[in-house]
Protein chains: 2
Amino acid sequence: MATDTAVPVSAPGYVQPEVDVPALTGLLDGTYAEVRNLVRTNLAEYASVLDEADELGIDDFRERVRDIVVEMAATGQTGMGFPQEYGGGGDIGASIAAFETLAFGDLSVLVKVGVQFGLFGGAILQLGTKAHHDAYLQDLVTGKLMGCFAMTETGHGSNVQALGTVATYDVATQEFVITTHGDQARKDYIGNAAKHAELAVVFAQLEVGGTSEGVHAFVVPIRKGTTVLDGVRVEDDGRKMGLNGVDNGRLWFDGVRVPREALLNRFADVSPEGVYSSSIDNPNRRFFTMLGTLVQGRVCVGGAGINASKVALAIATKYAVRRRQFEAASDTEEQLLLDYGMHQRRLLPLIARTYALHFAQDVVRTQLHDVLSSESTEGESEIARRELEGRAAGTKALGTWHATRTIQECREACGGAGYLAVNRFAALKADSDIFTTFEGDNHVLLQLVAKGLLTDYASEFEDMDQLGMVRFVTNLAVETVIERTSAHKLFERVKDLLPGGDEWDQEAGLLDSEYQLAMLRFREEHMLSGVARRLKRGIDRKLNPGVVFSEVQDHVIGAANAHVERLVLEAFVERLRDLPADAPEGNRVALGLLCDLFALSTIEADRAWFMEHGRLTVQRSKAISREVNSLCRKIRPIAVDLVDAWGVPDAMLRSPDLVG
Amino acid sequence: MATDTAVPVSAPGYVQPEVDVPALTGLLDGTYAEVRNLVRTNLAEYASVLDEADELGIDDFRERVRDIVVEMAATGQTGMGFPQEYGGGGDIGASIAAFETLAFGDLSVLVKVGVQFGLFGGAILQLGTKAHHDAYLQDLVTGKLMGCFAMTETGHGSNVQALGTVATYDVATQEFVITTHGDQARKDYIGNAAKHAELAVVFAQLEVGGTSEGVHAFVVPIRKGTTVLDGVRVEDDGRKMGLNGVDNGRLWFDGVRVPREALLNRFADVSPEGVYSSSIDNPNRRFFTMLGTLVQGRVCVGGAGINASKVALAIATKYAVRRRQFEAASDTEEQLLLDYGMHQRRLLPLIARTYALHFAQDVVRTQLHDVLSSESTEGESEIARRELEGRAAGTKALGTWHATRTIQECREACGGAGYLAVNRFAALKADSDIFTTFEGDNHVLLQLVAKGLLTDYASEFEDMDQLGMVRFVTNLAVETVIERTSAHKLFERVKDLLPGGDEWDQEAGLLDSEYQLAMLRFREEHMLSGVARRLKRGIDRKLNPGVVFSEVQDHVIGAANAHVERLVLEAFVERLRDLPADAPEGNRVALGLLCDLFALSTIEADRAWFMEHGRLTVQRSKAISREVNSLCRKIRPIAVDLVDAWGVPDAMLRSPDLVG
C-alpha cells in the first residue's frame, strides 16, 4: 500500500517497508479495540454534527450536542468508567479509550461528555460515598441527570487552594450555607452551568465552628428543569473561540442551604454536632488527595489532544500526496507537496511525535486504570498515585501543546482551502485551543511535574524548610513532602546512564535506542540537578524566595519537559521491544523509523543544550540533522499508511476540498 | 509611569529608565502620525463592529462591514494611495500606514479595505493605463464601485504562472473571450466575489492568434448591482475560520466577452488586428514585472500582522500586571503574573520582536513609497524594485508568523478568560490565521527571498543552466536572472564582518550592537554559501534537480529567514543610532534594552547553529541566555509603557475580563 514518490530513498541496501494497515490499527487500538470501534460507529452515525456546528445558532447547537451526548450514553460508550451496578461498564481504561476516540469528532460533543461523565460524574464517584452513588450515579450515567463541576472561579483557576466560595456549617439546621464572596469568587467557565446542569459539585472553603478546614466539595442543586433555583445566580459565558456546543457559565451562591449530607464525604466529614473529621490529618495532603482522584480528567484531555492531532495530520498528509504545485523536478508535471523536503520536515516529525505520544498515553491510561481499580495497600497505592499524577500532568501538557502546534502547521500546509470552515481545521483549531489551559494550565502542570521530581532532592537541602524555600517549589500544586516515588529510582538508574562510559555517547549509533534514551535521561538528570543547585544557591545567598523562583522558573519548566519527553521515548521504545512475535515485519520496520525520527528530532530540537553540556559534538549534532532528513525521506512513501492506521473515520476527515 | 515590580533588578549602578509614552508613540508613528490618528479615530467611531462580528449573522455582518468600509472611505482614510485627481491622497506611504493602523481593529474591515483599495484598486492603478484610471478610479476610491481581484484558482495559488483561466482574442469582434477550463481553474477564495463586486480583475492566460502570451489581467464585469451577469457563475466560499465579514467566493467564466480595452495594458497590449506587443521582451520578466507592481499587498499584510500582534501583547501585558496567582514571594499576597520569570520569558521577547519588526516595516514602507512614487531611470528603479520585492516578501513572512505565534502565546497567557469571545483573542486568532497564506504562502515567499540572494551566486555555477538546476531555485517566484541587487553588496561587506578579526566575536560585548549584527551577518552569509555549495554538489553528481532541491529546501528557507532577521536587526539598530538628539533619555534606554533583547533572543533561538559553526562557545552561549533573562527583568517594570506606546485605541483592547 506504499504510495509513489518522486524522491526515492537512495541508501544502498535499504528496503522500503510494506505497512499492514489493519494490523497496525489493531496494535494501536490495543485492548480497547471494541470500545474504540463502538465510538467510531457512533461518530459516523452522528457525522452531521460537524456541519451543524457551522450551521446552527449557538442555542440550537447546544441542544443538539446535549441530545447527541444523551443518545451516545444509551450505547454504553460514555458510562464505561462507572460501576456496573449503576449502569456503567466497570472499566476505567475503556472509558478513557472511548473518550480519546471521541476526539476524532466534534469537540463540543467530546467536552460535554467530559464535563458530564468525567468531571461531574467523576467527582460524585471519587469524592462521594455510597449514599451519593445511590442517589445520583444511575441517572447521571444515562444523562437524565445533568450536572456540572464548579471548581474554577474568576479569580482562581490554577491556585485552587485559594478559592473564595465559602460553605459554613450551621449546626442549628445541620446544613451548609454556600456563599459567593464577591465577583472574583464566582464560579466561571463552568461547562453545563449556563443551561443544562441541575446539580453542581461546588468546591468551597469549609468553615465549621469558626474554623476553616480548607476546600471541600458539595452537591448543590442549581436548577429544576430549566428553572434556576432560589439563591443561585447564573450568567452565560456567551460565545467562545470554540466549543460553542457546550454551555459554559458563571454561578453565584447567595446563602444557598444544602443538607449536611451534601458534603462529598469520602475523605472528610462533619458530624451533625459540627465536629469535623478526616482520615487524612494533614490539611494540605487531604486537599491534594481529593484533587488527585480527579486526575482522570487530565488523562482524558491529554489523550484527546493527541487524537485531535491525528485528524489534522491525516488531512494534511492526504492532501500533500494529492496537491501539486510548481514543476520542481519535471518540465511537464508539477510536484506533489509531500515530495518537497521542507514539507516532509513540517509534517513527518509531527506524525512520529503523535505515535510516540500515543504510546505514552497507553502507559498513563493503564496506570490510571490500575490505580483507580486497585485494592492495594495504602502505601503502595500512594506511590502509584504520585507517579500517575506526574505522568498525567506531563502527558496532558505535551499532548495538548502538540495538538495546538500540529493543527496550526497542518492548516498552513493546506493553504487557503484549510481556512474554509467546510474543511475541518477551523473547528479543530478553535475547539482544541483551550486544551492547553483547562484541566490545568500547561505551565503550571509542568511545575507540578518538576516539584514531584525535586522533592527527592529535598533531603539534600537542610536549610530548605526553615527558609521557606519549599513554599515556592512545592506550594504550586501538590503537598509538601511526598514518599520516594519512581522518579527517585530514576536517579539511581542514571548512574549507569552512559552504558559504555563517559565517551560512549560520542561513538554510539544514532539509531541505537539505548543511545537515544541515554541522551534524554542525561538531559533530564542534569536539568533537575541544575535546578536544585540554583535553589540551593538562592538559599545560601538568603534571597527572597519569590526572586529565586522567578529566576529559576524557566529551568523548572525545562526540566519537567525533559522528564516527560524521556517518559514518552521510553514508552515508544518499550512498545517496540515488546511487539508480538507475529507482528508484520513491515510494521516493525515502520515503527522503528518513527521511533528513531521522534527520538532524533527531539534531540535535534534541543541540540543547543546537548552541545552546551558536552553531550554532542558539532559534527554529531549536524549528523543528527542529516539523519532526521534521511528518516523523513524513508517515511515519506508510507506516510499515508501511517495516518490511515490511526483509524480516523472517513466522515471525520470532512474536508471536501482537501481529501475529496 | 513605571509600574511596580516585586522582582527588582539588582544589577549595581543600573538605573531604571522612565519612559515618555507620548514621545515614544510619536517616534513610532513617525511621518504618518496624522493619518494614523485619523484611523484611530475611525476605529473608535466604529468600535461596535467588534461586538457585531460576534452578534450578527454572516449575511448581516458582511453588509455591515461593507458599510463601514464605504463610510471610512469618505474620511479619506482608504484612498490615500490613489492620485489626487481621482479623489485620492496621492501618498502611497500614508496609505500603507493607514492600513497598518486599521489592523488594530476588526480584521474583516481591514481585509475588505485591502481587497477593494489594495488589490482591486491597486491592479487598476498599477496594471492599467489612463483610460482605465478615468473609467474606474474615482468610483472605486469612494467605494461606490466595488471590485475583486481574481487571481488565485483552486488549482493554483502559489504557482500563478500556471493559472488555467484562458482569455482568447477574437479578432473578428475585437473582444477577449474569458473561459474557465475545469474546476481546478475556477477562481477561488476571492474577496468581494461572493456578494459585492461588480467588476473583477481577472488573471488569465492570454491567447492571441493561437499563441499563448502568458498571464495577463483583464477587467471583467461580473455583476450589475446584485445580479450576476450572463456567462459568470458565482459560488460562495461560505463560512471561514475567520474574516466572515468578507464575502469570499468562486468564479467561473463561460465564454464571457469583454472588449479589447478590458486588457490592463500598461505592460502589454493587443492591437485591433490581433498583434501582441510589450515593452518587455522576455515573457518571464514581463510576468514578474506585472506581479511586482502588486507588491504593495505584501507590504500591507506584513504590517497588519505586526500591528495585530500589538493588540494581543497589549492585552496580555496589561492582564499580567493585574492578575495574581499563587503566594510565590509572600505569605499574604499572591504574585503578579508578570513577576514570574517564565511569564516574562513568554511575553517580553515578543514585545521586543514586535518593536524590531515595526522598524523593519518602516523601512519597507518607505522603499515602497519611493519606488512607486519614483521618477528615476529604468535601471535604478529596477534595482530598487528587486530589493523592495525581497524585503516585502521577507517582512510579510516574518511579520505574519510572528502574529500567529504571538496571538497564541498571549491567549494562553490569559487563561480561560482568553478563550471567551468577548475578550479579543478569539477574533484576533481566527481572523489573522490566513495572513501566513494569503498574499503569498510564507514558505514560498522565503524561497523567493532566497532565490533573489542566490542568483548572485549563479555566475559561479557554470553548468547550472544547462543542467536545469536553475529551474527549481529560480522558477519558484520571479524571473531567472536578475541584476546585481543590493544583496550583492552584502557579500562584499561581510568580508569585514568580524571587525576585530576571527576571534573578535568571542570577546566582544554581548550588548554591542556591532557584535549582534556581525553574528546575524555571518549566519546569513554562511547559510547562503552553504546552500550554493549543496546545489553545486548536486550538479556535479548529476542528480535529478527535484531531488537536490528537495534535500536542500530547509536550508533555503533557513537562509532566507537569516537574511530577513538580519535586515530587521539592522533596521532597529539604525533607528536607534538615528534617534533625534532631543529624544527623551528614558526612551533611548528603553529602546536600547528592546534592541538588545531582540538581538540576543534571536541569537539564542538559533544558538545551536552558531555553536555548530564555530561562532559561539558553550560558555558564551550560556551567557547569552543569562543576558536574555536579565534584559527581561530590566524591561518588566516598563512593559506596560512599552505596549501603551503603540497607541492601540482603548476600545480595540475590548477584553472586559482581562484589562477592565
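Every value quoted in this text rests on a predicted model; they were computed, and no experiment measured them. We name chains A, B, ... by the order of the sequence lines, and we start the count at 1 in each one.
Between the CD atom in Gln335(B) and the CZ atom in Phe549(A) there is a gap of 8.5 Å [rounded to 0.5 Å]. Annotation: the span from Ser550(B) atom OG to Gln344(A) atom CD amounts to 5.0 Å, rounded to 0.5 Å. Taking CE of Met611(B) as the reference point, atom CZ of Phe610(A) lies at 12.0 Å (rounded to 0.5 Å). Atom CD1 of Ile557(B) and atom OH of Tyr340(A) lie 11.5 Å apart (nearest 0.5 Å). Note that the CD atom of Glu412(A) and the OG1 atom of Thr436(B) stand 3.5 Å from one another [nearest 0.5 Å]. A distance of 13.0 Å separates CZ of Arg405(B) from CZ of Arg405(A), quoted to the nearest 0.5 Å.
When Lys622(A), Arg607(A), Gln619(A) are each tested for a side chain to side chain donor-acceptor pair (under 3.5 Å) with Glu612(B), only one passes: Arg607(A).
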- Yes or no on side chain to side chain contact (heavy atoms under 4.5 Å, CB included) for Arg324(B) and Asn159(A), after CA distance, side-chain angles and deciding distance? CA-CA 10 Å; Arg324(B) 297 176 180 275; Asn159(A) 186 11; over 6 Å; no

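We find that Asp441(B) and Arg346(A) are not joined by a salt bridge, their nearest charged nitrogen and carboxylate oxygen being 4.0 Å or further apart.
For the pair Val556(A) and Met342(B), the minimum side-chain heavy-atom distance is 4.5 Å or more. Counting heavy atoms from C-beta on, the side chains of Tyr419(B) and Asn248(A) never come closer than 4.5 Å. When side chains are defined from C-beta on, Gln553(A) does not count as touching His343(B), because their heavy atoms never get closer than 4.5 Å.
Looking only at distances, a side-chain donor or acceptor of Gln325(A) sits under 3.5 Å from a matching main-chain atom of Ser158(B).
Across Arg323(A), Glu55(A), Gln408(A), the residue that shares the most heavy-atom pairs under 4.5 angstrom with chain B is Arg323(A). Contact count against chain B (heavy-atom pairs under 4.5 Å) is highest for Glu334(A) among Arg345(A), His613(A), Glu334(A). No other option in Gly155(A), Gly57(A), Gly614(A) has as many heavy-atom pairs under 4.5 Å with chain B as Gly155(A). The candidate from Asp554(A), Leu420(A), Ile434(A) with the greatest count of non-hydrogen atom pairs under 4.5 Å with chain B is Ile434(A). Ranked by non-hydrogen atom pairs under 4.5 Å with chain B, the options Thr152(A), Leu243(A), Asn442(A), Thr617(A) are led by Leu243(A).
In summary, the side chains of Thr437(A) and Arg411(B) do present a donor paired with an acceptor at a separation below 3.5 Å, with no hydrogens or angles considered.
Interface with chain A: from residues 426-433 of chain B, residues Ala426(B), Lys429(B), Ala430(B), Asp431(B), Asp433(B) qualify, criterion being any non-hydrogen pair under 4.5 Å.
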